[in-house]
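All heavy atoms count here, side chains included; hydrogens, waters and symmetry mates do not. This structure is a prediction, so every number in the text was calculated from the model and none was measured. By convention in this document, chain letters (A, B, ...) are assigned in the order of the sequence lines, proteins followed by strands, and residues within each chain are numbered from 1.
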Amino acid sequence: MDMSRNYFELLGLEPGYDVDLALLSERYRALQKEWHPDRFAHRSDRERRMAVQYTAHLNEALATLKSPLRRAQYLLLLAGRDTHGESSGQLDPMFLMEQMELRERLAEVGDASDPDAELDALAEQAQASMRTLQHEFVSLYAQSDLDAAEAVVRKMQFMTKLISEIEAAEDRLADY
Amino acid sequence: MAYSEQVIDHYENPRNVGKMDDKDDHVGTGMVGAPACGDVMRLQIRVSDEGVIEDAKFKTYGCGSAIASSSLITEWVKGMTLDQASELKNSQIAEELALPPVKIHCSVLAEDAIKAAIEDYRKKRS
């Protein structure tokens, strides 16, 4: 395994945002089997260590390419843009306002007359916004408008956080 | 990660949580966010005709340090002039709350929020 190759090359996929997730899993499983540390149990220390390293690298590749947010961040990284920093950058005030409202609605979900329905509506809205952002990213990235693509990724970061909080709220609701 | 006592105090008893009418021309609203953690913060100030901050409110969706930072800054700015408030630095918040290095950005967010609120107020009045 050549760890200097990017994740797309590693998994034999066409580099780009639209990833065939079934093919990704398939390629991942094949490589994972090939490099599974158990298969190196009787090999030298060095080979065993390398198998562990490769497997970790492979897992990171899978996690990165599977996630809609991390995949976009990775494509930007390949284009020389690191969006993992903490700097707040320029954020659209309207977008922040909308985020604030969505977080407020989520915080008050328990007070709704039908919390399940409210949570479903919220999840649907968040997923729809995330899909819109993904479409925007694809076309901006294709046009090499990296500044705008970066701005979309920042929005995706908030939306991803919101979606994970909605999912956590769904789990809590299901526990009752 | 262990939070300092100061952070826990503000987190458990946040001061000045709430909302003001952002259409009121004595109110300035600052909205900021940190993409890396997905935190969002709204900070509002009510300013007297003499340019003194009479009241401040915030709402933060984020981690304990972000909540504590915004809670603390709303306490501090009350009674300050706009110029005094705009000179507040995130390092003062970080020091007061004993924030660890990985949480410094939460205090930056609070500083950005008060600056945005002041700017919004000044834009409204100009």
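Hydrophobic clustering, with ILVMFWY side chains joined whenever heavy atoms are under 4.5 angstrom apart, keeps Phe58(B) apart from Met20(B). Note on Phe8(A) and Tyr141(A): same hydrophobic cluster, where clusters join Ile, Leu, Val, Met, Phe, Trp and Tyr whose side-chain heavy atoms are under 4.5 Å apart, directly or indirectly.
Heavy atoms closer than 4.5 Å to chain B are found nowhere in Glu165(A), neither backbone nor side chain. With a threshold of 4.5 angstrom between heavy atoms, Met97(A) approaches chain B through its backbone and through its side chain.
Residues Pro35(B) and Arg154(A) approach most closely at CG-CD, 3.5 Å, considering heavy atoms. Between Leu96(A) and Val32(B), the shortest heavy-atom distance links the atoms CD1-CA, 3.7 Å. For the residue pair Phe158(A) and Asp39(B), the shortest heavy atom distance occurs at CE2-O, 3.2 Å. Across all their heavy atoms, Met100(A) and Thr60(B) have their closest contact at CE-N, 4.5 Å.
Heavy-atom neighbours of Phe95(A) CZ from other residues, nucleotides or ligands within 6.0 Å: above the threshold of 12. Around NZ of Lys66(A), the count of heavy atoms belonging to other residues, nucleotides or ligands within 6.0 Å does not exceed 12. Enclosure of atom CD in Gln32(A) by more than 12 non-hydrogen atoms of other residues, nucleotides or ligands within 6.0 angstrom is indicated. No more than 12 heavy-atom neighbours from other residues, nucleotides or ligands sit within 6.0 angstrom of CD on Glu119(B).
The shortest side-chain heavy-atom distance between Arg42(B) and Glu104(A) falls under the 4.5 Å cut-off.
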